[in-house]
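Below, read A as the first sequence line, B as the second, and so on, with proteins coming before strands; counting in each chain starts at 1. Atom set for the values below is all heavy atoms of this structure, side chains included, hydrogens, waters and symmetry mates excluded.
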Number of protein chains: 2
Amino acid sequence: MKFEAVTIKDIAKALGLSTSTVSRALRDSYEISPETKKLVLEYAQNINYRPNPIALSLKEKRSRSIGIIVCEIANSFFSQIINGIESIAYDKGYNVIIAQSHESYEREVINVQYLASRSIDGLLVSVSSETKDLEHLKNLHERGLPIVFFDRIVDEMTTHKVIVDNFKGAYDATEHLIKSGYKYIANLAGSEYLSITKERLNGYSQALADHGRAFDPHYIQHCLHGGMVYEEVEKALDDLFKLEHKPDAILGCADKLTTNCLRYFKKKNIKVPDDIALVGFSNLDLTDLLSPSLTVVRQPAFEMGQLSTELLIQQIESKRPVKDFERRILPPQLFTRESTGL
Amino acid sequence: MKFEAVTIKDIAKALGLSTSTVSRALRDSYEISPETKKLVLEYAQNINYRPNPIALSLKEKRSRSIGIIVCEIANSFFSQIINGIESIAYDKGYNVIIAQSHESYEREVINVQYLASRSIDGLLVSVSSETKDLEHLKNLHERGLPIVFFDRIVDEMTTHKVIVDNFKGAYDATEHLIKSGYKYIANLAGSEYLSITKERLNGYSQALADHGRAFDPHYIQHCLHGGMVYEEVEKALDDLFKLEHKPDAILGCADKLTTNCLRYFKKKNIKVPDDIALVGFSNLDLTDLLSPSLTVVRQPAFEMGQLSTELLIQQIESKRPVKDFERRILPPQLFTRESTGL
DNA sequence: TTTTTTTACGCAATCGTTCCCGGTAACCTT
DNA sequence: AAGGTTACCGGGAACGATTGCGTAAAAAAA
């Protein structure tokens with residue numbers, strides 16, 4: 001069974017007018033007499049006429065839809081971002097098509113191709129943690145597709161970028177640990193390819209340096225899939241606990257890294273904060289309910305989604321090619337709670 | 001700047017053929033000679049030709065996209081469902097357009113209109129907790145739009161429906177509490193309008209009855225927005241704790257109800273499970289990390305999304321009108337943990 | 001050789017909408 | 001009264017792709 005919609009042609013036939021006239025009447029053109037307009041408008045209202053967006057897209061060469069690529073929507077940080085994206089997109093009459101990479105480079109490429117073939121007007125991207133090569137995005141970008149990167153950005157492409165101040169987030173968290181008296185602060189980091197990983201690592205190192213602490217690479221462990229696979233986290237933590245001076249505090253540089261860290265502690269019966277302190281980047285709204293409640297760096301995800309979308313739509317609707325691109329940096333916020341209190 | 005794509009016309013011009021020939025060559029028609037086919041195919045490959053899905057949609061009168069309406073995507077249960085939906089949809093060449101009601105009837109209606117105007121081929125719906133009137137959906141359904149309800153279904157419409165066995169979920173949870181020795185088991189329920197609320201309430205009552213417990217309506221508190229607003233939960237719990245016999249166990253009938261319940265306990269310094277036991281419907285994958293770890297009824301969200309999508313696409317692609325609709329019931333699973341252990 | 005069949009391709013309509021280009025009145029200006 | 005404006009509306013092309021139908025040339029059959 002098909003879902004037959006009313007067209008402009010139906011109205012034209014019913015009213016004995018041409019499609020041109022009906023179209024113009026509906027768009028309130030000055031070339032149409034008030035009576036005809038009224039007639040058309042009322043009839044259209046009556047039979048609940050809705051313009052066919054597909055026909056419009058074909059004519060206007062724009063689909064009024066934007067693509068989103070994230071690693072996972074079942075992740076508070078990203079679902080909050082998507083919330084922000086939607087709030088702006090729907091306001092401006094765009095709809096969003098979401099694709100997930102699940103932290104796989106291969107799936108990211110496939111999804112990009114898919115979205116491109118669905119003729120989207122623009123793309124919002126946060127790359128997967130496996131992504132090194134950017135040809136799949138560069139290609140589209142060179143052909144004129146507006147792209148905005150958020151959170152996990154890349155240097156090689158000049159477009160709008162929206163990030164949080166990861167350096168500051170990590171710096172503040174590390175400083176908080178130092179000031180709380182912790183000596184051996186380990187960094188449970190994400191994929192080495194990601195911009196956020198590097199930035200957070202820098203913040204961590206700088207905080208150590210600024211407080212006269214030695215930087216020891218042994219206290220840094222990378223997890224390629226950002227905590228998505230528990231075994232990676234387990235391995236990383238096992239290695240950390242084999243060090244001569246076991247860490248007495250851990251900075252978890254991603255949501256899943258932090259929660260899987262907790263899972264590890266629970267399994268090994270390691271007590272927080274008595275045996276070890278933990279602070280993590282997390283946007284879960286449950287971290288205050290854990291016991292001990294978790295000290296976290298929280299990122300303004302919703303705002304990030306909004307801002308990215310505004311920049312993207314602005315670029316899409318710009319008459320002339322956008323040349324100067326912005327790099328917007330949002331402030332993270334540290335919530336100190338029980339997991340870092342000695 | 002526009003993103004100019006290659007069209008069939010470009011190929012035709014470059015190769016000195018007609019668009020019909022090119023189209024047929026690309027679709028491997030028997031009417032085209034092998035040499036011409038090879039020529040066209042190779043050229044198309046070279047310039048990276050992709051058929052314009054919008055033009056196809058216009059001609060075929062189908063958009064190969066399906067709409068989803070949920071209350072909130074930043075909710076594990078629903079984001080897991082969406083994961084399941086996507087996994088099937090992308091496999092079958094559909095893309096999904098997600099809209100959130102935020103538990104508001106008004107926004108649900110607006111979103112339904114919006115999705116309908118975007119000419120979707122089908123709709124997956126889980127109604128908002130405010131929704132009583134269904135005209136906005138009935139209307140579309142009568143005009144032939146395939147609709148599948150999941151989780152929060154409605155009786156008044158005959159379509160495919162996919163739910164979990166809420167009765168069993170609540171029954172098992174309640175029985176577990178009874179067998180654990182709790183006497184005054186309160187039910188923190190969601191909106192009275194929702195199917196899931198009624199089903200869970202029935203499971204709860206039946207379990208009480210089967211174990212010779214009296215059913216006391218004072219132990220049931222509804223929260224219209226399913227825990228989305230903390231104040232509603234606070235009010236409900238305040239009322240429960242004013243009862244002569246204070247509840248010694250609570251059944252939280254939704255994710256947010258349960259977590260906000262914990263938030264209330266924390267605020268009031270009520271200890272779980274010493275002062276009160278808690279079991280909740282929840283799909284968070286963090287509930288095992290809470291301390292005490294939370295006893296939960298977990299629902300097969302991913303599978304629910306998959307199944308719903310399969311049924312929807314099946315109906316969309318069916319040649320003749322689908323007459324017999326299915327009602328699929330998936331099993332929930334009870335995970336007993338510390339929060340219900342005396 | 002003539003007729004028939006097959007092969008291989010082009011023409012044009014179609015989907016729903018917009019918009020450029022005309023056209024025809026009625027009205028206004030000298 | 002003749003020409004110029006203005007108001008109002010219709011025809012038809014275009015967007016990109018598919019497809020029924022028509023047809024020329026080549027191949028097969030007579």
Figure out the [atom1]/[atom2] separation between [X] and [N], and round it to whole Å.
| X | N | atom1 | atom2 | result |
| --- | --- | --- | --- | --- |
| A:Ile54 | D:dC15 | CD1 | C1' | 14 Å |
| B:Asp28 | D:dT19 | CG | P | 14 Å |
| A:Ile11 | C:dT17 | CD1 | C1' | 12 Å |
| B:Ile32 | D:dT19 | CD1 | C1' | 12 Å |
| A:Leu56 | D:dG16 | CG | C1' | 15 Å |
| B:Arg64 | D:dA17 | CZ | P | 16 Å |
| B:Arg62 | D:dT18 | CZ | P | 14 Å |
| B:Lys13 | C:dG10 | NZ | P | 15 Å |

Check the phosphate of [N] against [X], side-chain N and O only, distance under 4.0 Å to OP1 or OP2. Yes or no?
| X | N | answer |
| --- | --- | --- |
| B:Ser18 | C:dG10 | yes |
| B:Lys61 | C:dG16 | yes |
| A:Tyr49 | C:dT17 | yes |
| B:Ser33 | C:dT7 | no |
| A:Ser23 | C:dT18 | yes |

Please work out if [X] contacts a base, only the sugar-phosphate, or nothing of the nucleic acid, heavy-atom cut-off 4.0 Å.
| X | result |
| --- | --- |
| B:Ser20 | base |
| B:Arg27 | sugar-phosphate |
| B:Thr36 | sugar-phosphate |

Quiz item: Does the pair B:Arg62/B:Glu60 count as a salt bridge with the N-to-O cut at 4.0 Å?
Solution: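 No salt bridge links B:Arg62 with B:Glu60.
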Self-check item: Salt-bridge contact A:Lys38-A:Glu42 (side-chain N to carboxylate O under 4.0 Å)
Solution: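 Salt bridge present between A:Lys38 and A:Glu42.
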Might you confirm whether atom [atom1] of [X] has over 12 heavy atoms from other residues, nucleotides or ligands at distances under 6.0 Å?
| X | atom1 | answer |
| --- | --- | --- |
| B:Glu106 | CD | no |
| A:Asp155 | CG | no |
| A:Glu156 | CD | yes |
| A:Lys138 | NZ | yes |

Quiz item: Do A:Lys59 and D:dA14 share a donor-acceptor pair, side chain to base, under 3.5 Å?
Solution: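 Indeed, a donor on one side and an acceptor on the other fall under 3.5 Å apart.
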Exercise. Spell out yes or no: do the side chain of A:Arg24 and the base of D:dG10 have one donor N/O and one acceptor N/O closer than 3.5 Å?
Key: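 A donor-acceptor contact between them is present.
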Quiz item: Tell me the ring pair (Phe, Tyr, Trp, His ring centres under 6.0 Å) pairs involving residues 98-123 of chain A, sequence neighbours left out?
Solution: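 Non-adjacent pairs meeting ring pair (Phe, Tyr, Trp, His ring centres under 6.0 Å): A:Tyr105-A:His136, A:Tyr114-B:Tyr90.
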Quiz item: Does any pair with a residue in residues 8-52 of chain B pass ring pair (Phe, Tyr, Trp, His ring centres under 6.0 Å), and if so which ones, sequence neighbours excluded?
Solution: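 Qualifying pairs, neighbours excluded: none.
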Quiz item: For DNA chain C, whose closest nucleotide is more 5', that of B:Lys37 or that of A:Lys9?
Solution: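 It is B:Lys37, whose closest nucleotide lies nearer the 5' terminus.
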Quiz item: Mapping B:Leu17 and B:Leu58 onto DNA chain C by nearest heavy atom, which one lands closer to the 5' end?
Solution: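 With B:Leu17 and B:Leu58 compared, the 5'-side residue is B:Leu17.
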Practice problem: Measure from the side-chain heavy atoms of A:Pro34 and tell me the nearest of D:dG16, D:dC8, C:dG10. | Solution: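 The answer is D:dC8, which lies nearest to the side chain.
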Practice problem: Specify the residue among A:Thr19 and A:Glu35 whose closest nucleotide of DNA chain D lies further upstream toward the 5′ end. | Solution: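 First, find each residue's nearest nucleotide; the 5'-ward one identifies A:Glu35.
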Self-check item: Residue whose nearest DNA chain D nucleotide is more 5′ - A:Tyr30 or B:Glu31
Solution: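 The residue mapped nearer the 5' terminus is A:Tyr30.
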Quiz item: At how many degrees, to 10°, do the end axes of the helix from C:dT1-D:dA30 to C:dT30-D:dA1 meet when each uses five pairs?
Solution: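 Taking five pairs per end, the axes differ by 60°.
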